[in-house]
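Data block below; observations after.
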Amino acid sequence: MSDPAKSNPPESNKPMFALVDVNNFYVSCERAFEPRLQNVPMVVLSNNDGCAVARSQEVKDLGIKMGQPWFKMKDLAKQHGIIAYSSNYALYGDMSNRATAVLRQFCPDIEVYSIDESFLQMQGVAQLYGGHTSMGQGIRQRVLQWTGLPVCVGFAPTKTLAKFANHLAKKNPAFAGVCDLASFDVSTLHTWMAQYDVTEVWGVGRRIGERLRTLGVNTVLDLAKIEPKILRTQFGVVLERTAHELRGTSCLAMEDVIPDKQQIMSSRSFGTPVQTLYELTESVSWHVAAAGEKLRRQRSFSGAIYVFIQTNRFREDQKQYNAGLVMSLPEPTNDTLELSKHALRVLKRLYKPDFIYKKCGIMLLDLSEELHQQASFMVSSIDPRSAQKMQALDAINERFGRGMIRSAACGTSKRWAMRSEARSPRYTTQWDELPVAK
DNA sequence: TCTGGGGTCCTAGGACCC
DNA sequence: TCTGGGGTCCTAGGACCC
C-alpha cells in the first residue's frame, strides 16, 4: 500500500479548518452541574444581572434576543417559567479550559478564539479519524462525555467558511452537529449560502449588512459572488478578504500564539447609583487593582492610564455627564499603588458633584514588555521593592481571592458593588463549593 | 428599581516636515 | 503675488467580534 499522504499530496497540503463551538455556552455550563435544568427555558445574565447574554434553545424559540434587558422580559419569564442565573465567570473559564484540553488531544494546532470557540488546523489529521465527519462526531462525543458540554463542528478550507459550516451544523438537525463544507459540491454549497442572510457571515455586522443591501447583496451567496474589488473600494480590505474566504481562498491564518494585550480594561456598572467622590474612589481603585493583576500576568508595563465616569444614559429624566481623560505616566509601571495614585488624580479632575453616576472604569494603555524596561540612568521614582511587593500581593490574592489584600482606597463598604443575585456555585474552582453527590 | 464588559483592526483626517 | 505635494505619525471614531 502506498502512503496515503503521498498518493494524495494536493489534498493534504490544502488548508483545512475546523471550528468547534459550544452550544449556548454559559447555559450549557450551568446545565452540566444541574441536570434538572435540561429542557427548561433559561438565561444567563450579564454582570449586574442586566441583560441576557446566553439563552437556552427554549428561550431563543420564544423570540428573546441576545442582550435583551432582564427587567423587560420578566412578564414573559413568569409566563413561561424562564429561569435566570447570574454569570459565573470562574465556572465558565474553567469549563472552557477543560473543553480546550479535550480538543488538543484531537489536533495540536489549535487557536482558542474565544471562551467558547476554537479553530483547529487540520493538515491531514482527519485521516487518522476516518475523515472529517467521523472526526467531528468523535470530538462531540468526547467533549460531551468528559465535560458535559454539547458542541457543534464545522469543517471548511477557510476560517470564514468554517464559521458558516458551524452555523449550518447548529441550525440544521440533519447534520447531527457536524457539517463538512469541503464535501459539498459547488451547487449544494450555493444552495445553502442562498438561504442565509449576509449578516450571518463572520465580519458582517448590522451596519455593513445595511450598506450591502443597498448594493443588492442580501444573502451569503450574494457576498460570495460579488466582485471583491468593489468591496475593497467601498468597504476596505477586511470585507474584501471576507469575500475571498467565502470563495474558498484562505486569507486568515491560525493565530497560535496568544498575543499580549495592547490595552487592559476594567469597568463595571454600579449595582446602585453613586454620587460621592468617595464611592467613585473606591470603585476606581478596585478597577486599577483588577487591571494591574492582568497587566502583571502578561508581564507588561503601562505607560498611560485612562479613567472614565458616566451617568445612566437610559435615564432621560436625569442630567447626563460622561467624561474620561488619559494621563501619561512619568515612567511605565506595573505597580498597582503607583497606578492608583495617578488614576485617582484623574478622577478628582473629572468628578463633578450633582450627577448620579452609573458606571466607571479604567484602561491601561501604552503597554510595553517587561524585557524592554531599562533601569533609568536618572533617579527613578519607582520604589525598588515594588516588584516584590506586587508579587506577594498577587500570590496572596490568587490563593485567598481577589481583594484579600488591597489598597485602603478600595474601601470596605462596596455599596456600589454589582448585583449578582442568582450565581451558581463555583463548582470546579472552589473547594467549599464542590458539587455534592447525594 | 432594573439596560454587559471586554477586546481588535482599519480608516480618515489633521499636524507636521521637507 | 504666488497658496504644492508627498510622506509620516498620531488620534478619534467606527465597525466588528464574543
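Chain A is the first sequence line, chain B the second, and so forth, proteins listed ahead of strands; every chain is numbered from 1.
For B/dG6, one of the phosphate oxygens OP1 or OP2 lies less than 4.0 angstrom from a side-chain nitrogen or oxygen of A/Arg268.
Side-chain proximity of A/Trp202 to the nucleotides C/dC17, B/dG5, B/dT3 is greatest for C/dC17. In the set C/dC17, B/dG6, B/dG7, B/dG7 carries the atom at the smallest distance from any side-chain atom of A/Lys261. Closest to the side chain of A/Asn47, from the set B/dC2, C/dC18, B/dG5, is B/dG5. Comparing C/dC16, B/dG6, B/dC2 by their nearest atom to the side chain of A/Ile208 picks out C/dC16. The side chain of A/Arg419 lies closest to B/dC2, out of B/dG5, C/dC18, B/dC2. With B/dG5, B/dC2, B/dG4 as the choices, the nucleotide that has an atom nearest any side-chain atom of A/Arg313 turns out to be B/dG4. For A/Gln263, counting side-chain heavy atoms from C-beta on, the closest listed nucleotide (B/dT8, C/dC16, B/dC2) is B/dT8. Nearest nucleotide to the side chain of A/Met265, out of B/dG7, B/dG5, B/dT3: B/dG7.
When heavy atoms are screened at a 4.0 angstrom cut-off, A/Asp49 is found touching no nucleic acid atom at all. Looking at heavy-atom distances under 4.0 Å, A/Leu45 makes no contact with the nucleic acid at all. Nucleic acid contact class of A/Arg211 (heavy atoms, under 4.0 Å, all strands): none. Residue contacts shown for A/Ser266 are limited to sugar-phosphate atoms, with no base heavy atom under 4.0 Å away. Using a 4.0 Å heavy-atom criterion, one finds that A/Val201 contacts the sugar-phosphate atoms exclusively. When heavy atoms are screened at a 4.0 angstrom cut-off, A/Phe25 is found touching no nucleic acid atom at all.
Taking a cutoff of 4.0 Å between a charged side-chain nitrogen and a carboxylate oxygen, A/Glu245 and A/Arg241 do not qualify as a salt bridge. Of the charged side-chain nitrogens involved, at least one lies within less than 4.0 Å of a carboxylate oxygen, so that A/Glu58 and A/Arg31 count as a salt-bridged pair. Under the 4.0 Å criterion applied to side-chain N and carboxylate O atoms, A/Glu200 and A/Lys171 are not assigned as salt-bridge partners. Salt-bridge check for A/Arg213 with A/Glu210: failed, with every basic side-chain N at 4.0 Å or more from each acidic carboxylate O.
Under the Watson-Crick and G-U wobble criteria, each requiring two contacts below 3.5 Å, nucleotide C/dC18 is paired to B/dG5.
Annotation: B/dC16 and C/dG4 have their C1' atoms spaced 15 Å apart (nearest Å).
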